[in-house]
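Bear in mind that the values here come from a model prediction, so they are computed numbers and not experimental data. Every chain is numbered from 1 and lettered A, B, ... according to where its sequence line falls, protein lines coming before strand lines.
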Number of protein chains: 2
Amino acid sequence: MLYAGFMSAAPPSAPTPPEPVDSPQLVQLGLDADEPCLRADAARNRARLLEAAAGLVAAHGADAVTMEEVAAAAGVGKGTVFRRFGDRTGLLMALLDHGEKKLQAAFLSGPPPLGPGAPPAERLRAFGRAALHRTVEDLELQLAAQPDPGRRFTVPPYRVRHHHVAMLLRQAAPDADCELLTHTLLAQLDPALVHHLIHQCGMPRQRLEDAWTDLVDRVTGTTA
Amino acid sequence: MLYAGFMSAAPPSAPTPPEPVDSPQLVQLGLDADEPCLRADAARNRARLLEAAAGLVAAHGADAVTMEEVAAAAGVGKGTVFRRFGDRTGLLMALLDHGEKKLQAAFLSGPPPLGPGAPPAERLRAFGRAALHRTVEDLELQLAAQPDPGRRFTVPPYRVRHHHVAMLLRQAAPDADCELLTHTLLAQLDPALVHHLIHQCGMPRQRLEDAWTDLVDRVTGTTA
DNA sequence: GACACAATCCGGACCGTGGTCCGCTTTGCA
DNA sequence: TGCAAAGCGGACCACGGTCCGGATTGTGTC
């Protein structure tokens, strides 16, 4: 089963490797195994780093954790962290990979209404609920892992979500500019917004879910 | 006439000054003159800094400009920059202040359909066009000025836009959760998204405008 | 198996930049 | 003219990110 992890195979890797294509659509989205035959020591260090990072984040909060601390806690040099994960965002995203994979599996090939089998508007509603749930469960980390504004929409997880929602939207609202409308829908699930609404405005999560449902209804013209 | 500049009176100012209230609604939104009786030297340095910053940004691009460079070009110490503008984002936002003020004036008290007098759905459509236009005209700076994810929704210009759109939406779509729906609409005008669509996906600006119009139609149930 | 060699990876010294701090100067008011 | 408040500025710090000489790994050869 193919997933879209947070990492590309090798972050600062060779400039345009041959890139063997299987399923063009999926490969283009960045869907690939996320540990492409690493050398033994590299793999070991990668694991150590993830473990150390997870521990530190759990202990002191995501944005109180320093790259140098992580390296030290893993018994590894600072350079190793950056070679493996590219940058701070990359490391944090790697920490979120598991959860994201699970969500992807659920809406790509899980049971309805999230997975295939239910009508598109229904799947859209389910997608919002699931994504929201996932976002809330480790909001803080998700916030800290946000890439700089220029790359928000280029990062694999976002592209996968976009691809999926756009597909559903094309069925549920054929006369709309689905490419664009999808960005708008996804904006309501943006970790930064969710954090703002819940932790700064004190909204209950249920209200966000209701708003999503309502938004889907309005946009597709359907009603649950 | 009252505006909501990018800066609060004094960024890292006293912890909760008395804050004299006039029009609670507006003050709460951060609407106030943006140069609150600065001392002579301070005002002079502020002006110098803005001028220097504008020059450097125009010359070398927004994100190639260093705070130290700006300070040097203004013939001023680094500390002065930060005291006056809080942080890098603050300085960049100050550079955008003029344009933002003009937009605010236009939709708060300008002629219809942007200003008061036109039906709400119409004003919404006009707002999108105007905001999009403004965003595009110095996208790069707008991108560089984006605050960190946690504050995107707390910054005065966003709050003013939100307040305005929410008000229109309450009239045009009374049965919706306007508070939330507004965030969703505004997301389509987000500089980061606009930049992505135009410069990375190569979409023409017209398409963004059309999408906004369509979105307003769907959300309010009206048609132009 | 032993060996040699190339590709890969390691790690910590190093750099640039955003942001802070505090002793000194300027300002404006009485 | 004196004096408090406001402002100034550059030394200083922390942290993200880079770089390159040296160590590890794995593979082809005998």
Participant: Carefully, step by step, assess A/His133 and A/Leu103 under the rule side-chain contact (heavy atoms from CB on, under 4.5 Å).
Facilitator: CA-CA 10 Å; A/His133 197 273; A/Leu103 177 61; over 6 Å; no
Participant: Going 5' to 3' along DNA chain C, which nucleotides are the first and last within contact of chain B (any atom under 4.0 Å from a heavy atom)?
Facilitator: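 It runs C/dT17 to C/dG28.
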Participant: For the residue pair B/Gln142 / B/Thr135, report whether a side-chain donor-acceptor contact shorter than 3.5 Å exists.
Facilitator: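 The criterion, which ignores hydrogens and geometry beyond distance, is not satisfied for B/Gln142 and B/Thr135.
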Participant: Between B/Glu51 and B/Arg48, does any side-chain N to carboxylate O distance fall below 4.0 Å?
Facilitator: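 No, no charged N to carboxylate O under 4.0 Å.
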Participant: Starting from the C-alpha separation in whole Å, work towards a yes-or-no answer on side-chain contact (heavy atoms from CB on, under 4.5 Å) for B/Val165 and B/Phe107.
Facilitator: CA-CA 10 Å; B/Val165 170; B/Phe107 68 66; over 6 Å; no
Participant: Using the rule given for side-chain contact (heavy atoms from CB on, under 4.5 Å), can you reason through B/Phe85 versus B/Met93, listing the C-alpha separation, both sets of side-chain angles and the distance that settles it, and then say yes or no?
Facilitator: CA-CA 9 Å; B/Phe85 297 100; B/Met93 280 188 172; over 6 Å; no
Participant: Using the closest heavy atom to pick a nucleotide of DNA chain C for each, name whichever of B/Asp41 or B/Glu69 lands nearer the 5' end.
Facilitator: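 That would be B/Glu69.
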Participant: If you apply the rule side-chain contact (heavy atoms from CB on, under 4.5 Å), what do you find for A/Leu38 with A/Arg84, and how did you get there?
Facilitator: CA-CA 10 Å; A/Leu38 244 32; A/Arg84 193 56 49 203; 3.4 Å; yes
Participant: Can you tell if the side chain of B/His162 reaches within under 4.5 Å of the side chain of B/Phe153, non-hydrogen atoms only?
Facilitator: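 Counting from C-beta outward, B/His162 and B/Phe153 never come under 4.5 Å.
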Participant: So if I take residues 70-77 of chain B and measure heavy-atom distances to DNA chain D, which residues fall below 4.0 Å?
Facilitator: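 Only B/Val76, B/Gly77 qualify.
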Participant: Taking A/Glu140 for its side chain and A/Ala62 for its backbone only, find out whether a donor-acceptor pair lies under 3.5 Å.
Facilitator: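 At least one qualifying donor-acceptor pair exists.
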Participant: Strictly under 4.0 angstrom, non-hydrogen atoms only: write out the protein contact profile of nucleotides 17-23 of chain D, one letter per nucleotide from the 5' end, B, S or -.
Facilitator: BBB----
Participant: Figure out the CZ/P separation between B/Arg46 and D/dA6, and round it to whole Å.
Facilitator: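 The distance from CZ of B/Arg46 to P of D/dA6 comes to 18 Å, rounded to the nearest Å.
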Participant: Salt bridge or not for B/Asp148 and B/Arg152, using N-O below 4.0 Å?
Facilitator: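 Answer for the salt bridge query: no.
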Participant: Check whether B/Arg123 reaches the backbone of B/Gly115 with its side chain - one donor and one acceptor, N or O, closer than 3.5 Å.
Facilitator: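 It does hold such a pair.
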